[in-house]
Novice: 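To start, I am sharing the structure in question, which I have written as structure tokens.
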Amino acid sequence: MPCHTARVTSMGDAISSTLLDWYDKHARALPWRSPPGEALPDDDAWPYRVWLSEVMLQQTTVAAVKPYFEKFTRIWPSVKDLATAPEHEVMAAWAGLGYYSRARNLVKCAREVARRGGFPKTEAELRELPGLGTYTAAAIAAIAFDSRAVVVDANVERVVSRLFNITDPLPASRKAIKEKAATVTPEDRSGDFAQAMMDLGSSICTSKSPRCLLCPLQVNCEGLRAGEPERLPVKPPKKAKPERKGTAYWIERDEHVWLVTREGTGMLGGMRALPDDGWSAREDGSGKPPIAADWQDAGTVRHTFTHAHLALTVKYGRTVSVPDGKGDWWPVSEIEAAGLPTLFAKAARTVLSRG
DNA sequence: CATACGTGGCT
DNA sequence: TAGCCAAGTAT
């Protein structure tokens with residue numbers, strides 16, 4: 001199943017050792033990393049930290065992840081601690097980081113790992129865990145367990161596309177990229193090699209203006225030789241995001257606000273939220289409030305998701321009754337601790353700064 | 001293979 | 001500033 005059988009070539013050897021030498025000097029110090037060349041201590045704390053960081057880092061910058069990683073490891077120092085945590089507490093702790101299916105799967109995965117008595121060590125077994133796809137399974141196998149695995153993320157796609165001047169557009173070029181990545185991935189230290197590729201991609205071989213003069217792989221780079229490495233990898237054109245409208249409702253009673261938990265696995269699924277009029281990325285909301293009240297307009301929040309723009313009108317009103325459906329009265333003074341995703345945190349701020 | 005799924009920072 | 005981009009996964 002894993003297609004990393006390609007033999008390391010002598011050119012591949014030269015590239016991997018050059019990059020590892022560079023990494024030994026320039027590796028970033030990150031909370032989930034051991035120093036370059038040092039294997040992680042053989043206890044369950046490190047696979048946990050590698051797994052947690054890798055999931056947080058999916059489509060997310062290092063800068064955004066750092067404070068969340070610190071918070072999670074402080075509250076839940078081991079995978080066992082996380083496995084016994086109530087799901088809503090984990091969701092609340094994840095609030096603001098985005099892609100909330102990651103948090104839902106994080107809990108499932110932690111419970112599965114705890115049930116098994118620890119993380120599996122092979123790439124294939126890791127791949128079976130919730131939230132671990134091709135990339136993350138390979139990354140954990142290589143980084144946490146020092147197994148030889150070919151790790152391909154967006155950085156590696158960029159570096160490899162340039163290194164081998166792969167000019168076919170993504171995603172069709174993925175197979176060729178993986179094959180080329182396999183030829184430069186060493187048998188030993190493939191975890192450090194993966195992290196070296198990612199550091200190189202984030203600091204030198206950047207998307208817009210690569211710093212080729214500083215690159216340790218400069219002399220090996222066919223894309224540079226061809227003249228326009230910054231054009232690689234070629235990507236498909238983006239689709240326009242639709243503009244959506246919706247309304248959220250701040251229902252207050254006795255210094256408490258009515259919060260609901262969003263159902264399902266769709267947008268913001270599982271997250272605490274203000275009740276709204278049913279807007280989605282596919283259609284505008286109905287504009288119908290959940291209860292009758294003397295609604296006041298608090299303003300409009302603009303927010304952009306991966307695949308839609310949203311203009312969310314925020315209305316507030318008081319009630320003496322309890323709205324239909326499930327929900328909780330949350331103390332207004334502690335709204336910061338409610339674990340609202342960013343959209344609704346903005347909405348709350350809008351109300352509280354005017355209301 | 002295409003689409004759904006967040007957010008903040010950088011250009 | 002509007003758009004692009006970041007250590008992808010699930011369906």
Side-chain angles (χ1 to χ4, degrees), chain A residues 28 30-33 49-69 91 94-106 108-109 126-144 149-159 169-175 181 191 193-203 205-209 230 233 235-244 262 264-271 273 280-282 301-310 312 340-346:
Chain A
R28 287 176 292 179
L30 298 171
W32 46 87
R33 271 188 184 173
R49 294 167 72 86
V50 171
W51 163 71
L52 180 61
S53 65
E54 287 299 342
V55 173
M56 287 182 167
L57 286 162
Q58 290 167 3
Q59 297 288 284
T60 308
T61 58
V62 166
V65 164
K66 273 183 178 172
Y68 284 85
F69 182 84
M91 300 304 291
W94 195 276
L97 198 54
Y99 283 143
Y100 298 100
S101 66
R102 294 184 295 172
R104 298 192 299 267
N105 283 329
L106 196 76
K108 281 189 204 159
C109 185
L126 287 162
R127 179 66 183 79
E128 298 306 310
L129 294 170
L132 303 203
T134 309
Y135 161 76
T136 308
I140 296 173
I143 297 169
V150 179
V151 180
V152 180
D153 73 324
N155 287 298
V156 176
E157 284 180 352
R158 190 167 58 255
V159 172
L170 290 169
S173 59
R174 291 238 157 85
K175 188 164 181 290
F193 178 78
Q195 295 179 91
M197 290 286 269
M198 295 190 271
D199 278 16
L200 188 75
S202 69
S203 66
C205 196
T206 54
S207 183
K208 296 282 180 56
S209 306
E230 69 282 357
K235 294 182 179 179
K238 305 253 192 297
K239 288 181 178 158
K241 296 183 204 302
E243 301 277 350
R244 298 297 179 219
R262 294 174 66 90
T265 58
M267 185 169 284
L268 309 179
M271 299 304 290
S280 74
R282 295 187 56 179
V301 167
R302 291 219 34 106
H303 194 76
T304 297
F305 297 100
T306 311
H307 51 300
H309 300 288
L310 175 68
L312 185 72
L340 295 176
T342 300
L343 169 67
F344 293 110
K346 284 185 191 171

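In the text below, chain A, chain B and the rest are named by the order of the sequence lines, each starting its count at 1. All of these numbers come straight from a predicted model, not from anything done at the bench.
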Novice: For the side chain of A:Arg158, counting heavy atoms from C-beta on, which of C:dT9, B:dT7, C:dA6 is nearest?
Specialist: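 Closest nucleotide to the A:Arg158 side chain: C:dA6.
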Novice: For the pair made of CZ in A:Phe344 and P in B:dT7, what is the distance, rounded to whole Å?
Specialist: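 Distance, rounded to whole Å: 9 Å.
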Novice: Can you find a donor-acceptor N/O pair under 3.5 angstrom joining the side chain of A:Thr60 to the base of C:dG8?
Specialist: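 Checked by distance alone, the answer is no.
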Novice: Does A:His307 put a side-chain nitrogen or oxygen below 4.0 Å from OP1 or OP2 of B:dC5?
Specialist: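 For A:His307, the contact criterion (side-chain N or O under 4.0 Å from OP1 or OP2 of B:dC5) is met.
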Novice: Nearest of B:dG8, B:dG6, C:dC5 to any side-chain atom of A:Phe305?
Specialist: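 For A:Phe305, the side-chain atoms sit closest to B:dG6.
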Novice: Could you check whether any side-chain heavy atom of A:Arg104 comes within less than 4.5 Å of a side-chain heavy atom of A:Thr265, counting everything from C-beta outward?
Specialist: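 They are in side-chain contact.
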Novice: Nearest-Å distance, CZ (A:Phe69) to P (C:dA6)?
Specialist: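 Roughly 23 Å, once rounded to whole Å.
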Novice: If I compare all heavy atoms of A:Ala345 with all of A:Leu340, which pair ends up nearest, and what's the gap?
Specialist: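 Smallest interatomic distance, heavy atoms only, reads N-CB, 4.0 Å.
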Novice: Is A:Lys241 reaching over with its side chain to a backbone N or O of A:Thr306, donor-acceptor style, under 3.5 angstrom?
Specialist: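 Side chain of A:Lys241 to backbone of A:Thr306, a donor-acceptor pair under 3.5 Å: yes, one is there.
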Novice: Whole-Å distance between C:dA6 C1' and A:Leu97 CG?
Specialist: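 These atoms are roughly 12 Å apart.
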Novice: Measure distances between side-chain N and O atoms of A:Thr306 and base N and O atoms of B:dG6, and say whether any donor-acceptor pair falls under 3.5 Å.
Specialist: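 Checked by distance alone, the answer is yes.
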Novice: Distance check needed: B:dC5 P versus A:Leu310 CG, whole Å only.
Specialist: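 So the CG-P distance, A:Leu310 to B:dC5, works out to 13 Å.
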Novice: Counting any heavy atom closer than 4.0 Å, what does A:Gly96 reach on the DNA or RNA strands: base, sugar-phosphate only, or nothing?
Specialist: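 Sugar-phosphate: the residue A:Gly96, judged by heavy atoms under 4.0 Å, touches backbone atoms but no base.
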Novice: Could you please name the option among C:dC5, C:dT9, B:dC5 that lies closest to any side-chain atom of A:Tyr135?
Specialist: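 The listed nucleotide nearest to A:Tyr135's side chain is C:dT9.
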Novice: OP1 or OP2 of C:dA10 sitting under 4.0 Å from any side-chain N/O of A:Tyr99?
Specialist: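 The answer is no; no side-chain N or O of A:Tyr99 sits under 4.0 Å from OP1 or OP2.
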Novice: What closest approach, in Å, do A:Leu170 and A:Lys235 show between heavy atoms, and which atom pair accounts for it?
Specialist: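 Distance-wise, the nearest heavy atoms are CD1-CG, 4.2 Å.
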Novice: Starting from the 5' end of DNA chain B, give me the residue, A:Ala95 or A:Arg282, whose nearest nucleotide shows up first.
Specialist: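 That would be A:Arg282.
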Novice: Contact class for A:Gly269 vs. all strands (heavy atom < 4.0 Å): base, sugar-phosphate, or nothing?
Specialist: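 The answer is nothing, as A:Gly269 stays clear of every strand by at least 4.0 Å.
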Novice: Any side-chain N or O of A:Lys239 under 4.0 Å from OP1/OP2 of C:dC4?
Specialist: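 Result: no.
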Novice: Could you tell me which non-hydrogen atom of A:Ala137 sits nearest to which non-hydrogen atom of A:Leu126, and how far apart they are?
Specialist: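 Closest heavy-atom pair between A:Ala137 and A:Leu126: O-CD1, 3.7 Å.
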Novice: If you measure from the P atom in C:dT11 to the same atom in B:dG6, how many Å do you get, rounded?
Specialist: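 Those two atoms are separated by 14 Å.
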Novice: Mind checking A:Ala139 for me? I need base, sugar-phosphate or nothing, with any heavy atom below 4.0 Å counting as a touch.
Specialist: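 If one applies the 4.0 Å heavy-atom cut-off, A:Ala139 turns out to touch nothing in the nucleic acid.
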Novice: With a 4.0 Å cut-off on heavy atoms, is A:Leu170 in touch with a base, just the backbone sugar-phosphate, or nothing at all?
Specialist: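 Here A:Leu170 touches no strand at all.
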Novice: Atom NE2 of A:His309 to atom P of C:dA2: distance rounded to whole Å?
Specialist: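 Those two atoms, NE2 and P, are 9 Å apart.
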Novice: Just to be sure I understand the rule, does A:Val65 reach a base, reach only the sugar-phosphate, or reach nothing, if contact means heavy atoms closer than 4.0 Å?
Specialist: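 Here A:Val65 touches no strand at all.
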Novice: From B:dC5, C:dA6, B:dA2, pick the nucleotide closest to the side chain of A:Pro171?
Specialist: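 For the A:Pro171 side chain, the nearest candidate turns out to be B:dA2.
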Novice: Answer with base, sugar-phosphate or nothing: what part of the nucleic acid does A:Lys241 contact at a heavy-atom distance below 4.0 Å?
Specialist: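 The residue A:Lys241 makes no contact with any strand.
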Novice: Select one nucleotide: of C:dG8, B:dT7, C:dC5, the one nearest the side-chain heavy atoms of A:Asp153.
Specialist: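 Nearest listed nucleotide: C:dG8.
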Novice: Tell me the interatomic distance from A:Tyr100, atom OH, to B:dA4, atom P, rounded to whole angstroms.
Specialist: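 Nearest whole value for this atom pair: 19 Å.
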Novice: From the set B:dG6, C:dA10, B:dA2, return the single nucleotide nearest to any side-chain atom of A:Arg127.
Specialist: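 Side chain of A:Arg127 sits closest to C:dA10.
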Novice: Can you name the closest pair of heavy atoms from A:Lys108 and A:Pro130 and give their distance?
Specialist: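 In terms of heavy atoms, the two residues are closest at CB-CG, 3.9 Å.
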Novice: Is A:His303 near enough to B:dT7 that one of its side-chain N or O atoms lies under 4.0 angstrom from OP1 or OP2?
Specialist: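 Checking A:His303 against B:dT7: at least one side-chain N or O falls below 4.0 Å of OP1 or OP2.
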Novice: Output the single nucleotide from B:dG6, B:dG8, C:dG8 whose closest atom is nearest the side chain of A:Thr342.
Specialist: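 For A:Thr342, the side-chain atoms sit closest to B:dG8.
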Novice: From C-beta outward on A:Leu268, which listed nucleotide comes closest to its side chain: C:dC5, C:dT9, B:dT7?
Specialist: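 My answer, after comparing the listed nucleotides, is B:dT7.
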Novice: Would A:Thr60 and A:Met56 satisfy side-chain contact (heavy atoms from CB on, under 4.5 Å), going step by step from the backbone distance to the final call?
Specialist: CA-CA 7 Å; A:Thr60 308; A:Met56 287 182 167; over 6 Å; no
Novice: Go nucleotide by nucleotide along DNA chain B from the 5' end; which of A:Lys208 and A:Gly98 gets its closest nucleotide reached first?
Specialist: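 Its nucleotide being nearer the 5' end, the pick is A:Gly98.
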Novice: From C-beta outward on A:Thr136, which listed nucleotide comes closest to its side chain: C:dA6, C:dG8, C:dA10?
Specialist: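 Of the candidates, C:dG8 comes closest.
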Novice: Measuring to OP1 and OP2 of C:dG8, would you say a side-chain N or O of A:Gln58 lies under 4.0 angstrom away?
Specialist: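 Looking at the OP1 and OP2 atoms of C:dG8, neither is under 4.0 Å from any side-chain N or O of A:Gln58.
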Novice: Whole-Å distance between B:dT11 C1' and A:Glu230 CD?
Specialist: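 In whole Å, B:dT11 C1' and A:Glu230 CD are 15 Å from each other.
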Novice: What is the distance, rounded to the nearest whole Å, between atom CH2 of A:Trp51 and atom P of C:dT9?
Specialist: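 Nearest whole value for this atom pair: 14 Å.
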Novice: Check whether any side-chain N or O of A:Arg102 sits under 3.5 Å from a backbone N or O of A:Gln58 as a donor-acceptor pair, and report yes or no.
Specialist: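 Judged by distance alone, yes, a pair lies under 3.5 Å.
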Novice: Considering every strand and a 4.0 Å limit on heavy-atom distances, what is the contact class for A:Thr134: base, sugar-phosphate, or nothing?
Specialist: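 Sugar-phosphate, no base atom in range.
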